[in-house]
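Scroll down for the structure; my scribbles are underneath it.
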Amino acid sequence: MKKLLIATHNAGKKKEISEVLGSIGWEVLTLDDISLSVPEPEETGTTYEENALIKAKHAGDISGLLTIADDSGIEVEALPGELGVYSSRFAKSDEERVQKLLKTMEGQTKRGAKFVSCIVIYDPVTQMHNSFFGEVVGKLAEEPRGSRGFGYDPIFIPNGYEKTFGELGNEVKNTISHRAKALGKMKKYLQNYN
Ligand code: IMP
């Protein structure tokens, strides 16, 4: 079976990505599945694509495996430039990030937001890379709802739904999310990859 490394320690991301790619005959590994030590590179990019490439190239060059990495974030209409590529640095933990964002948005009626994802695939043999993008548009809830998913999921309501990603869970999220859309494009690319 062809092997693909995901440059992450996040088991949630492995599950999400394996569910999409398992069906086309790729064995998906994470940094926890390989015996090499891959220290986390500094994400010095100013775009999702730059950061995803930094992570994919770093892990790909150390492992010698075809490697993918994603970088993602939430963009809040009322807070331009504040989250985005810097979403994970907004506060220390998922819970603190959610609480801080809700507090910052208190009294704000403009609640539009979107998740954006960029997935980069990097081949250490050819040193070529390709990028795939996806986004999901919605709005921020007034309080956290639901315990499924991770990150900002409990306060993100995708357009066309009343519930948050935290309530909807992976059955729905995996069909409409930013990462699912980017992954769908990458899946098509991998189907023709030799
Ligand atoms: P990274 O791409 O793993 O660096 O994630 C960037 C930030 O965006 C983290 O704080 C995540 O919590 C948040 N994020 C990215 N994707 C999602 C998602 O699907 N749901 C909730 N939060 C997300």
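These figures come from a predicted structure and were not determined experimentally. If you read the sequence from its start, that first residue is 1, and numbering goes on from there. Note: hydrogens, waters and symmetry copies are ignored here, and every other heavy atom, side chains too, is used. We count ligands from 1, going down the list as the structure has it; atoms in each ligand are counted the same way.
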(request) Please work out whether the ring planes of Phe165 and Phe156 are parallel, tilted or perpendicular, with thresholds of 30° and 60°. (result) tilted
N/O donor to acceptor pairs below 3.5 angstrom from side-chain atoms of residues 78-89, sequence neighbours left out:
| unit_1 | atom_1 | unit_2 | atom_2 | d |
| --- | --- | --- | --- | --- |
| Ser87 | OG | Ile74 | N | 2.9 |
| Ser87 | OG | Ile74 | O | 3.4 |
| Ser87 | OG | Gly84 | N | 3.3 |
| Ser87 | OG | Gly84 | O | 2.6 |
| Arg89 | NH2 | Glu43 | O | 3.4 |

Tabulation required: pairs of a nitrogen or oxygen in ligand 1 and a protein nitrogen or oxygen under 3.5 Å; columns are atom names and distance to 0.1 Å; otherwise 'none'.
| unit_1 | atom_1 | unit_2 | atom_2 | d |
| --- | --- | --- | --- | --- |
| ligand 1 | 2 (O) | Ser72 | N | 2.9 |
| ligand 1 | 2 (O) | Ser72 | OG | 2.8 |
| ligand 1 | 3 (O) | Lys13 | NZ | 2.7 |
| ligand 1 | 16 (N) | Ser72 | OG | 3.4 |
| ligand 1 | 16 (N) | His178 | NE2 | 3.2 |
| ligand 1 | 16 (N) | Arg179 | NH2 | 2.7 |
| ligand 1 | 19 (O) | Lys173 | NZ | 2.8 |
| ligand 1 | 19 (O) | His178 | NE2 | 3.3 |
| ligand 1 | 20 (N) | Asp153 | OD1 | 2.6 |
| ligand 1 | 20 (N) | Lys173 | NZ | 3.4 |
| ligand 1 | 22 (N) | Tyr152 | N | 3.1 |

(message) Rounded to the nearest 0.5 Å, what separates atom OG1 in Thr67 from atom NZ in Lys57?
(response) 11.0 Å
Contacts table for residues 3-11: side-chain donor-acceptor under 3.5 angstrom, sequence neighbours left out:
| unit_1 | atom_1 | unit_2 | atom_2 | d |
| --- | --- | --- | --- | --- |
| Thr8 | OG1 | Asn10 | N | 2.9 |
| His9 | ND1 | Asp32 | OD1 | 2.7 |
| Asn10 | OD1 | Gly12 | N | 2.8 |
| Asn10 | OD1 | Lys13 | N | 3.0 |

(request) Applying ring-ring contact (aromatic ring centres under 6.0 Å, His included), name anything that partners Tyr189, two or more places apart in sequence or on another chain. (result) Phe132, Tyr193
(message) Show the nearest heavy-atom pair for residues Tyr48 and Cys118, with the distance to one decimal.
(response) CB-CB, 3.8 Å
